[in-house]
Chemist: 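Below you'll find the structure I mean.
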Amino acid sequence: MPRYSFSEVLEGFTSQECDRFKAFLESKPALEAEEQRIVLQSVSEALFAEANAALLRVLLLELHAAKLTGKIPDGGSEDPFIAFVLSAKRPEFMRHLDDRYPVLVRRLECVLARKRRALEAMVSRIIDDRARLASFFGMSCDRLLALNVDLGDTHDQGHAVAKLQFSGGALMYKPRPVELDVRFDAFLAQLFPEHSERIRVPKAMDCAEYGWCAFVEHRYCTSEDDVSGFYRKLGQWVAVLHLLAGVDIHCENLIAAGSVPVIVDPECLFAKATVVQDKSKGRAYVEAVRTIFDSVLRSGILPYRSLFEGLKGVDVSSMAASAGQQSSASVPVLVDDGTADARIAQGCVVLNAPLSQPCPKNVFLRHVDDISDGFVQTGRLLQELDDAGRLSVLLDGFRGCWVRDLYRPTQVYSEVKKMLWHPASLHDAEKARLRAELILNKGTDLTPNQVAREIEDLVLRDIPAYRSKVSKARIADALKAWRSSESETQQIIFRASILAADLNSRADRRRDNSRKSVPRPRGGTGGDVDRARRKCAEWAIRRLLKFSVRGSDGSSMWIGVEHGMNGWGVDPVDADFYNGLGGIAFALAGYQREATCGRVNAVDGVEEVLDGCLVTLRSMESASKPKRGGGFNGAGSRILAWLALHVLLGRSELLDFAVEHAETLSGDDRVGEVELDIISGEAGLIVPLIQLAEVTQDARWLATAASIGNRVAAAAILDERGGRWRSAASEQPLGGFAHGATGVGWSLARLSLSQAGRESDRKRWAGIAEQAFDFEKSLYDEEHGAWRDLRASDGMDFSSAWCHGGIGIAMAACDLYERTGREAYLDTLQTAVESSLRLGWHKRVNLCHGSLGMREMVSKGKQIGIEVDGHALEGGDRIVLAAVDKLMNDADQLVEELYVPGLMTGLSGIVHGMCRIHPESDLPNPLLMEAFRPCNDRRVAQSPVVSAVGA
């Protein structure tokens, strides 16, 4: 039996139940002496483990209290820990526990008694069913060789799954009805009648209140063909479970048995449709959340990252667990065990390799096409059966089966149980109960009586389990939901989740692998180019419209691959400019304007979806304020978006919304740690405020910008290398536009060219901006002819992206050259263009780190007259159009542009970029945070955009 730190103390709590179980065993002559020994040892270990889990925190607290109050010696010849253990075995310690934790002893006695009775029931069932088991499973059950109880959570008064090793093989004991397992496998046999190696669930023998299942041994595949077959079958599972509204098939509930993925715990089928409690962000947002929750992601097979404490950021899906993602968890662990300093502390525990994988190393990203083929082909099979009227007949076979209803994640129950057994909660049980009620009443439509029963289960260390029978109506609801879910939408979500896992698996994403050396384009931009541009623009806008989620009130929302606190995942987009609704609305408004001018093809629905997007954007802003800062993510991005939309659409209320966000910044003298970069920090507020002041002719916004500029300037790190700022994106200050010195320096330079502040302020801002550009110069590597990206551990990564490389540096230099005419900026622009072209055109298409961003740089350089190797720059339009054409003709690629609807790395950026390629387009450039085209651009001098803002 495992030894626990407080084993001698625990024995005082478990001995009575151990003796009772021993007496029970002695009354069962059907078990041989060795079998009785095996069972008794296993049960004793289970009781000890339960007592240890319940008491450990209390005993540690009492240990330290005794040490602090001098009740045990601290040092000397007598070991203080042993002294405490000896004192805890005395009767007066039990009286002390009763006094300090009134509910503890009574609760624990009840818990142990329930567990003992549950284990007695299991042993009785082993004895009663042994002969039937041998016959049913075709194996010898003469001798019990091993017993492993408490596999997983306990439910229904201490019952848990157990593994039994008989002389002829292993079986699993399930303390629940397993008729569902029997019917499920029969259903699969009818779906795939000619497949000997079909997807399956283990053979099961149902005994009404409980059941027995064959044990599935994990086996790795032995050939590449087997691996491909495994992943095709995994795609089949996704399709089948989507039909059956199956959930909870995480990596512990699916076993790779060679080339066959076997679901070993299929108790959660025909789950009820998701009810979204929070409706504050509007109807389209609610519909987007419901669409995700009830999509193919619901089963738990496709990649997803846990949101719960301890497992935050860990992918626990059947498909992607340990696929190069975070493979350890931060959990409470016992440190300095067996000493007077023993305590609970957060520790990093390496997770075991999941048994859901067919290879030692997860390779699912190599088999995306296999997974997709299995998913699509099974979807077609199910559709054919439905069209023939046979699918509902097959589903009718599930009627009357018991299923488990998951009203909330098991992790929620686990955290509440931990809270209810905390020493403070055991001291004041009523206060803890009220807190548990508060937690469990949030985000659910369960009744007060149901919540009260949940708390009773958790108080006695059970995880609540709701069970109900599958009815005709429930089958009809599942079938109706499946029929109403668009196949193409499900495929998009399916592939988006895999893309998110791919992005997450790149633990070190410092290297830009999206470049490809492409010859510099030659030739003009004739009519054929414009036809191709229009075609690409129309494809992009139609795809964007098609995958919008609409609310019943006409509001619009999008689902996409989003980056959050736990990495990439499939979520509704946020409200910001970078990849959220602000940027999407900006692209839609730009397309609408260009269509009015005849520069792109008119497409029905743009105005309607744009209006719906604005409705959702306002709802989201009403529900929660954006974080301060950020020209792309934060309050600055909202000012920029609403201001640009006001200019493009000519609607005065949109300007009011921009002012509303600017007003939240006034008088905010922030202290302490704040972000400072362009994307999410203080520097990102400056240019939007300058433009707002220009449009409104309100000096308040220049004063606010000046205050922010002073704060950013004061935070600069200045030395012989130049000026730079700490970065939330890296352990050290960075270069580049998005998170580094160029972007922050550019914002201060822009501020110095405005009427903000005093003359001395403007000189200081200009001086610090020059020091920032000096720091950027120090990162230029002559040997490689490019700027170093300091996010790389060795500092020897080189990028030509807008966000972290030459394109962003070029854009800033070009903008400042056009505004000042200073030759130093022209020199930087020349160097940046040459460096970026030397590194090669990006095969990705987006604005941030793709060919559209490079095209913007080349176009600007061409306007100014930059030459490379004695040749005038060409626009690169053909390269960009070819890249978009590749997306159009291969819409299954795992690239962000197809699954991110947003502006800077996604589809909206393609929409906007295709519009801007037209030589007469006057749409603003988001890479320079333009809300409107500046007057220094000669082409815009007579622009209706400029006249609309009174420039």
Side-chain angles (χ1 to χ4, degrees), residues 122 125-126 129-130 132-141 144-153 155 159-193 195-221 226 229-230 233-234 236-238 240-241 244 246-269 299-301 318 354-358 397-398 401-404 467 470:
M122 180 193 68
R125 290 164 176 173
I126 295 172
D129 295 342
R130 186 179 290 206
R132 289 177 60 207
L133 293 176
S135 174
F136 187 86
F137 289 101
M139 55 182 274
S140 172
C141 296
L144 180 66
L145 303 180
L147 175 63
N148 189 358
V149 302
D150 280 353
L151 296 178
D153 300 315
H155 308 286
H159 289 273
V161 173
K163 178 186 174 184
L164 294 84
Q165 182 67 51
F166 290 105
S167 52
L171 292 176
M172 301 299 294
Y173 165 73
K174 300 286 185 74
R176 61 167 178 82
V178 295
E179 183 183 12
L180 179 69
D181 305 52
V182 177
R183 303 272 191 93
F184 195 5
D185 201 57
F187 173 80
L188 295 170
Q190 292 177 84
L191 278 187
F192 307 104
H195 297 263
S196 58
E197 290 289 295
R198 63 171 172 82
I199 57 174
R200 59 186 176 86
V201 298
K203 185 176 182 179
M205 186 176 87
D206 183 54
C207 303
E209 295 181 1
Y210 65 97
W212 304 92
C213 296
F215 174 73
V216 178
E217 189 78 45
H218 174 256
R219 302 192 317 276
Y220 286 133
C221 291
D226 281 352
F230 176 90
K233 291 163 191 168
L234 204 58
Q236 293 175 348
W237 268 128
V238 175
V240 169
L241 291 170
L244 300 178
V247 299
D248 203 37
I249 309 302
H250 49 73
C251 61
E252 294 181 354
N253 284 340
L254 185 145
I255 304 293
S259 67
V260 181
V262 182
I263 292 180
V264 296
D265 200 15
E267 60 176 334
C268 301
L269 301 184
S299 69
I301 290 180
S318 296
L355 301 182
S356 59
Q357 304 306 322
F398 288 99
C401 292
W402 286 97
V403 292
R404 182 179 173 192
R467 291 188 173 85
V470 178

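The shown structure was predicted, so the numbers you read here are calculated from the model rather than taken from an experiment.
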Chemist: Which of parallel (below 30°), tilted (30 to 60°) and perpendicular (above 60°) describes Phe184 and Phe187?
Modeler: tilted

Chemist: Using the benzene-type ring in the case of Trp, are the ring centres of Trp237 and Phe230 under 6.0 Å apart?
Modeler: no

Chemist: Any side-chain heavy atom of Phe398 sitting closer than 4.5 Å to one from Leu180?
Modeler: yes

Chemist: Verify the neighbour count for atom CD of Glu252: are there more than 12 heavy atoms of other residues, nucleotides or ligands below 6.0 Å?
Modeler: no

Chemist: For the CZ atom of Arg183 and the CG atom of Leu269, what is their distance to the nearest 0.5 Å?
Modeler: 12.5 Å

Chemist: Between Glu267 and Arg467, does any side-chain N to carboxylate O distance fall below 4.0 Å?
Modeler: yes

Chemist: Should Met172 and Pro202 count as side-chain neighbours, where that means a heavy-atom distance under 4.5 Å?
Modeler: no

Chemist: Atom CZ of Phe192 and atom CD1 of Ile199: how far apart are they, to the nearest 0.5 Å?
Modeler: 4.5 Å

Chemist: Between Arg176 and Asp265, does any side-chain N to carboxylate O distance fall below 4.0 Å?
Modeler: yes

Chemist: With no hydrogens and no angle check, is any side-chain donor or acceptor of Asn253 less than 3.5 Å from a backbone partner on Asp248?
Modeler: yes

Chemist: Counting only N and O atoms by type, is there a donor-acceptor contact under 3.5 Å from the side chain of Ser318 to the main-chain atoms of Ile249?
Modeler: yes

Chemist: Do the charged groups of Arg198 and Asp185 touch, with an N to O distance under 4.0 Å?
Modeler: yes

Chemist: For the side chain of His159 and the backbone of Met122, is there at least one donor-acceptor N/O pair under 3.5 Å apart?
Modeler: no

Chemist: Examine distances only and state if a side-chain atom of Asp206 and a backbone atom of Pro177 form a donor-acceptor pair shorter than 3.5 Å.
Modeler: no

Chemist: Checking Asp129 against Tyr173: is there a side-chain donor and acceptor pair closer than 3.5 Å?
Modeler: no

Chemist: Do any N or O atoms from the side chain of Lys203 and from the backbone of Phe136 form a donor-acceptor pair under 3.5 angstrom?
Modeler: yes

Chemist: I need the Cys207 SG to Leu133 CG distance, nearest 0.5 Å.
Modeler: 7.0 Å

Chemist: Taking ring-ring contact (aromatic ring centres under 6.0 Å, His included) as the test, write out the residues that go with Phe137, two or more places apart.
Modeler: none

Chemist: In Å and rounded to the nearest 0.5 Å, what is the CD1 to CZ distance from Ile263 to Arg200?
Modeler: 11.5 Å

